[in-house]
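Everything below concerns the one structure shown next.
Below, chain A is the first sequence line, B the second, and so on; all start at residue 1.
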Amino acid sequence: MKEVRTRFAPSPTGYLHVGGARTALFNYLYARAQKGKFILRIEDTDQVRSTEQSYHQVLDSLKWLGLEWDEGPEVGGPHGPYRQSERLHLYKEYAEKLIHEKKAYPCFCTADELDRKKKQREAMGLPYVYDGKCRNLTDAEVHEKKAAGMEHTIRFRTPAKEVIVDDIVQGSVRFDTAIIGDFIIVKSDGFASYNYAVVVDDHLMDITHVIRGVGHLSNTPRQIMIYEALGWQSPHWAHVSEIVGSDHKKLSKRHGATPITAFRDLGYTARAFNNYMALLGWSSPDGREYMTIDEQKSLFDVARCSKSPAMFDVFDLTKAAEVDLAQASIQDLEAYLFPKSKLNWLSNQHIRATPDAQFIQEILPFVKNSGVVPEEELSEKNERLRGILLSLRVYLDTLGQIKNYLPDFYLPFTPDPKDYATSEYFLAENFVSLSLAFERQIEQMSKGEKTGTLSPDLVKEAISLVGKELGIKGKPLFMGLRLASTGRLEGLELPVYLSLLGKERVITRLKKMAALK
RNA sequence: GUCCCCUUCGUCUAGAGGUUAGGACUCGGGAUUUUCAUUCCCGCAACAGGGGUUCGAUUCCCCUAGGGGACGCCA
């Protein structure tokens with residue numbers, strides 16, 4: 001059987017967003033599932049809008065997601081070049097062939113002229129189709145106009161017929177070519193237009209499956225006609241649903257789509273993000289939702305993709321309704337995230353599943369970014385930091401959230417009496433004696449220990465001794481001590497918590513809390 | 001306006017001519033955790049509406065409504 005070859009073909013006219021990234025993911029997963037190849041091609045024939053900066057941004061995003069392409073920019077391959085701007089000679093070659101065979105023709109209509117006609121039609125409420133003014137120019141006329149230096153485009157001579165797109169996702173869809181008309185395949189700047197270039201490239205690159213957004217479905221009959229005109233075989237089509245935002249509008253660069261890099265900067269792992277994107281429009285046969293990328297690579301099938309649009313339900317509209325999420329800073333985006341989204345749940349699951357060493361390595365930049373950990377302790381070898389991070393990981397939906405927990409372990413303790421005014425454990429009569437007894441026990445028991453260290457076992461022992469000494473047990477004992485020694489009513493298991501805080505900080509907190517009374 | 005597509009819990013979705021319409025996230029309740037989170041259990045919650053076809057329709061067909069997309073010398 002023929003090797004499956006899929007491709008992702010972004011245009012470098014902006015950043016990569018969820019819509020495009022999910023298309024890339026599907027192409028990648030399908031190629032992997034079929035043991036085929038995944039090709040990256042850059043569609044930069046829009047000379048006005050394509051930028052080098054955008055090109056790098058798109059590649060960076062794909063790399064972060066881990067969607068490694070087998071052929072394409074930077075890695076090369078036997079079907080190159082992989083940037084359309086470097087394939088101009090190919091488009092020219094086949095355009096000439098089409099003209100020679102009278103399947104395409106030069107058109108000298110100006111943009112202004114066309115624009116005027118279009119507006120007229122629209123004013124009458126009619127759809128615009130090219131009127132075919134240049135369709136039947138004689139060779140002499142063409143010659144003459146060219147000699148006069150008139151700019152021209154090349155139009156495809158659309159046959160009157162019905163084209164059927166046989167689509168893996170959408171089924172059979174019929175189109176009447178009368179509403180398409182003769183369309184431009186080469187622009188007046190000599191660059192191929194999308195519908196033409198994509199056919200030449202896909203054919204020459206031996207693409208077997210075109211997986212893309214359903215927005216392209218209505219372009220497909222044009223492409224099929226070109227395949228036919230050139231005597232080539234069409235690839236298999238798979239038009240997957242679009243992704244819409246919480247407002248039910250398609251995600252696009254102009255409309256609320258957040259750059260992929262923003263999710264990286266927020267502290268989502270690529271593993272979690274891919275998992276979430278895979279679930280947008282696709283479901284695994286057994287219904288499993290938490291999946292590693294390897295599982296996705298073996299399970300993915302474009303035939304299981306849904307036709308109806310999927311909502312990227314990650315931002316809280318009640319907070320972000322009037323905001324342009326595409327422009328928002330990371331800080332702002334964080335505030336607009338819906339804290340209980342499925343993405344966050346998946347992200348938390350993936351963070352927990354990450355091997356320790358990898359987790360530490362991945363979170364370190366975010367730890368650094370929090371700005372509260374001293375430079376000399378900012379290392380994956382630092383035992384205390386490792387302990388803190390590993391203990392805290394179950395709380396994290398994103399790696400970026402670590403900054404909410406770190407100050408407690410690294411910044412000076414400054415309790416505010418107001419916070420405790422109504423706390424039953426603080427108000428308890430024995431609060432101070434509990435505190436004093438605990439401090440004494442800790443001091444006494446840790447005499448022989450290394451400076452600063454406080455083992456969980458030692459803390460456990462101290463707690464029970466204090467309980468016996470003062471005749472307190474149960475919740476009042478544990479919660480009282482928790483408040484007295486940490487200043488908080490929630491957090492890690494107390495012995496672990498205090499051990500990570502270290503002896504000095506615990507003693508300081510005990511003193512400060514007791515002094516508040 | 002023309003053409004195309006879509007519509008199952010709030011969200012992601014499974015499903016199939018006969019099911020108590022299933023799962024996941026969220027939410028509510030309970031248990032465990034001497035705290036919070038976790039974990040576990042239980043629960044709330046859906047086939048857009050109207051016509052057909054059929055013994056039987058949420059599933060097939062038509063219409064309506066709503067939504068989306070395409071109608072470029074953008075991709």
Side-chain angles (χ1 to χ4, degrees), chain A residues 9-13 20 43-46 48-50 84 107 109-111 114-115 118 121-129 151-155 165 167 169-171 173-176 178-181 183-195 197-198 212-221 239 241-242 244 246 248-250 276 279-290 304 306-314 338-346 348 352 392 394-396 425 463 473-479 481-483 486 488-494 497:
Chain A
S11 64
T13 55
E43 309 216 324
D44 55 353
T45 51
D46 185 340
V48 182
R49 281 184 285 192
S50 296
Q84 289 191 328
C107 169
C109 297
T110 64
L114 262 15
D115 207 42
K118 189 176 166 185
R121 297 278 297 182
E122 273 172 2
M124 290 188 287
L126 297 167
Y128 175 73
V129 180
E151 277 198 341
H152 71 280
T153 58
I154 296 173
R155 280 185 190 272
V165 180
D167 193 281
V169 178
Q170 302 289 328
V173 187
R174 298 157 176 276
F175 292 90
D176 185 343
I179 59 159
I180 295 174
F183 55 95
I184 290 171
I185 58 173
V186 178
K187 300 180 260 185
S188 57
D189 64 4
F191 273 51
S193 70
Y194 171 74
N195 282 302
V198 79
R212 71 227 301 197
V214 72
H216 286 283
L217 183 62
S218 50
N219 285 321
T220 310
H239 289 93
S241 65
E242 305 285 4
V244 297
S246 311
H248 295 276
K249 293 254 187 291
K250 179 188 171 186
Y276 181 71
L279 260 20
L280 257 24
W282 173 74
S283 60
S284 63
D286 64 0
R288 207 157 16 127
E289 307 210 311
Y290 171 84
R304 277 189 68 84
S306 139
K307 282 187 182 187
S308 43
M311 189 186 292
F312 184 68
D313 196 19
V314 162
F338 172 46
K340 297 297 206 165
S341 68
K342 193 164 193 164
L343 169 61
N344 277 10
W345 175 78
L346 273 174
N348 175 269
R352 289 159 179 252
L392 252 19
V394 294
Y395 288 87
L396 304 177
Y425 298 108
I463 293 174
K473 57 184 177 181
K475 223 167 174 175
L477 204 222
F478 278 80
M479 289 307 283
L481 286 180
R482 175 178 285 277
L483 220 219
T486 69
R488 294 163 165 268
L489 286 168
E490 82 291 321
L492 299 171
E493 207 183 325
L494 196 56
Y497 194 174

Euclidean distance, A:I184 CD1 relative to A:I154 CD1, rounded to 0.5 Å: 10.5 Å

Side chain of A:W345 - closest among B:rC25, B:rC36, B:rC12: B:rC25

N/O donor-acceptor pair, side chain A:N219 with base B:rA75, under 3.5 angstrom: yes

Sugar-phosphate, base or nothing in reach of A:A111, heavy atoms under 4.0 Å: base

Whole-Å P distance, B:rC44 and B:rA21: 13 Å

Selected nucleotide, minimal atom distance to A:K342 side chain, candidates B:rU35, B:rA24, B:rU13: B:rA24

A:R49 CZ to B:rC73 P, straight-line distance once rounded to whole Å: 12 Å

Beyond-backbone contact of A:F478 with A:K473, side-chain heavy atoms, under 4.5 angstrom: no

Shortest side-chain distance from A:M311, nucleotide among B:rU11, B:rU13, B:rC4: B:rU11

Donor-acceptor under 3.5 Å (A:Q170 side chain, A:H239 main chain): yes

Sugar-phosphate, base or nothing in reach of A:R488, heavy atoms under 4.0 Å: nothing

Note, A:Y497 side chain near A:T486 side chain (heavy atom, < 4.5 Å): yes

A:Q84 side chain near A:Y194 side chain, heavy-atom distance below 4.5 Å: no

Sugar-phosphate only, base, or nothing, as touched by A:T110 at under 4.0 Å among non-hydrogen atoms: base

Given B:rC73, B:rA14, B:rC12, the nucleotide with the shortest approach to the side chain of A:L280: B:rC12

From CZ (A:F312) to OH (A:Y276), nearest 0.5 Å: 6.0 Å

Closest to the A:E490 side chain, choosing from B:rA75, B:rU35, B:rU34: B:rU35

Pairwise C1' distance for B:rC4 and B:rG22, with rounding to whole Å: 32 Å

Pairwise C1' distance, B:rG23 and B:rG18 [rounded to whole Å]: 22 Å

Value in whole Å for how far the C1' atom of B:rC71 lies from CZ of A:R121: 12 Å

Rounded distance [0.5 Å steps], OH in A:Y128 versus CG in A:D115: 9.0 Å

Nearest-angstrom distance, P atom, B:rU20 to B:rU11: 26 Å

Rounded P spacing from B:rA46 to B:rU8 in Å: 13 Å

Distance, rounded to the nearest Å, where A:K307 contributes NZ and B:rC6 contributes C1': 8 Å

B:rA75 OP1/OP2 closer than 4.0 Å to side-chain N/O of A:T45: yes

Under 3.5 Å on both distances, the Watson-Crick or G-U partner of B:rA37: none

Nucleotide B:rA24, atom P - distance to CH2 of A:W282 in whole Å: 17 Å

Sugar-phosphate, base or nothing in reach of A:L217, heavy atoms under 4.0 Å: sugar-phosphate

A:S193 side chain, from C-beta outward: closest of B:rU34, B:rG68, B:rA75: B:rA75

Sugar-phosphate, base or nothing in reach of A:D176, heavy atoms under 4.0 Å: nothing

Sugar-phosphate, base or nothing in reach of A:K118, heavy atoms under 4.0 Å: sugar-phosphate

Integer angstrom distance from the C1' of B:rC62 to that of B:rU53: 11 Å

Nucleotide forming a Watson-Crick or wobble pair with B:rU19, both distances under 3.5 Å: none

Spatial distance of atom CZ (A:R304) from atom OG (A:S284) [nearest 0.5 Å]: 7.0 Å

side-chain N/O A:S218 vs B:rC4 OP1/OP2, d < 4.0 Å: no

A:K250, nearest nucleotide to its side chain (from B:rG72, B:rU38, B:rG68): B:rG68

Sidechain-backbone polar pair: A:K250 side chain, A:V244 backbone, donor-acceptor under 3.5 Å: no

Any A:R304 side-chain nitrogen or oxygen under 4.0 Å from OP1 or OP2 of B:rG15: yes

Sugar-phosphate, base or nothing in reach of A:G287, heavy atoms under 4.0 Å: nothing

Sugar-phosphate, base or nothing in reach of A:T153, heavy atoms under 4.0 Å: base

Electrostatic pair A:R482-A:E490, nearest N-O below 4.0 angstrom: no

Pairwise C1' distance, B:rU13 and B:rC6 [rounded to whole Å]: 15 Å

Sugar-phosphate only, base, or nothing, as touched by A:S341 at under 4.0 Å among non-hydrogen atoms: sugar-phosphate

Whole-Å gap separating C1' (B:rC36) and CG (A:L492): 10 Å

Rounded interatomic separation in angstrom, taking NZ from A:K340 and C1' from B:rU26: 8 Å

Candidate nucleotides B:rU35, B:rC73, B:rC5, ranked by approach to the side chain of A:Q170 - the nearest: B:rC5

Sugar-phosphate only, base, or nothing, as touched by A:G281 at under 4.0 Å among non-hydrogen atoms: sugar-phosphate

Touch class at under 4.0 angstrom, heavy-atom based, for A:L279 against every strand present: sugar-phosphate

A:V173, nearest nucleotide to its side chain (from B:rU34, B:rC4, B:rA14): B:rC4

B:rA65: pairing nucleotide in any strand, Watson-Crick or G-U under 3.5 angstrom: B:rU7

Paired nucleotide for B:rA70 [Watson-Crick or G-U wobble; both distances under 3.5 Å]: B:rU2

Sugar-phosphate only, base, or nothing, as touched by A:E493 at under 4.0 Å among non-hydrogen atoms: base

Nucleotide nearest A:A310 when distance is taken to its side chain, options B:rC4, B:rU2, B:rU13: B:rU13

Sugar-phosphate only, base, or nothing, as touched by A:S188 at under 4.0 Å among non-hydrogen atoms: base

Under 3.5 Å on both distances, the Watson-Crick or G-U partner of B:rA14: none

Value in whole Å for how far the P atom of B:rG69 lies from CD of A:E242: 7 Å

Sugar-phosphate only, base, or nothing, as touched by A:Y290 at under 4.0 Å among non-hydrogen atoms: nothing

Under-3.5 Å donor-acceptor pair between A:Y395 side chain and B:rC36 base: yes

B:rC61 versus B:rG17 - spacing of their P atoms, nearest Å: 13 Å

Distance, rounded to the nearest Å, where A:H216 contributes NE2 and B:rG72 contributes P: 15 Å

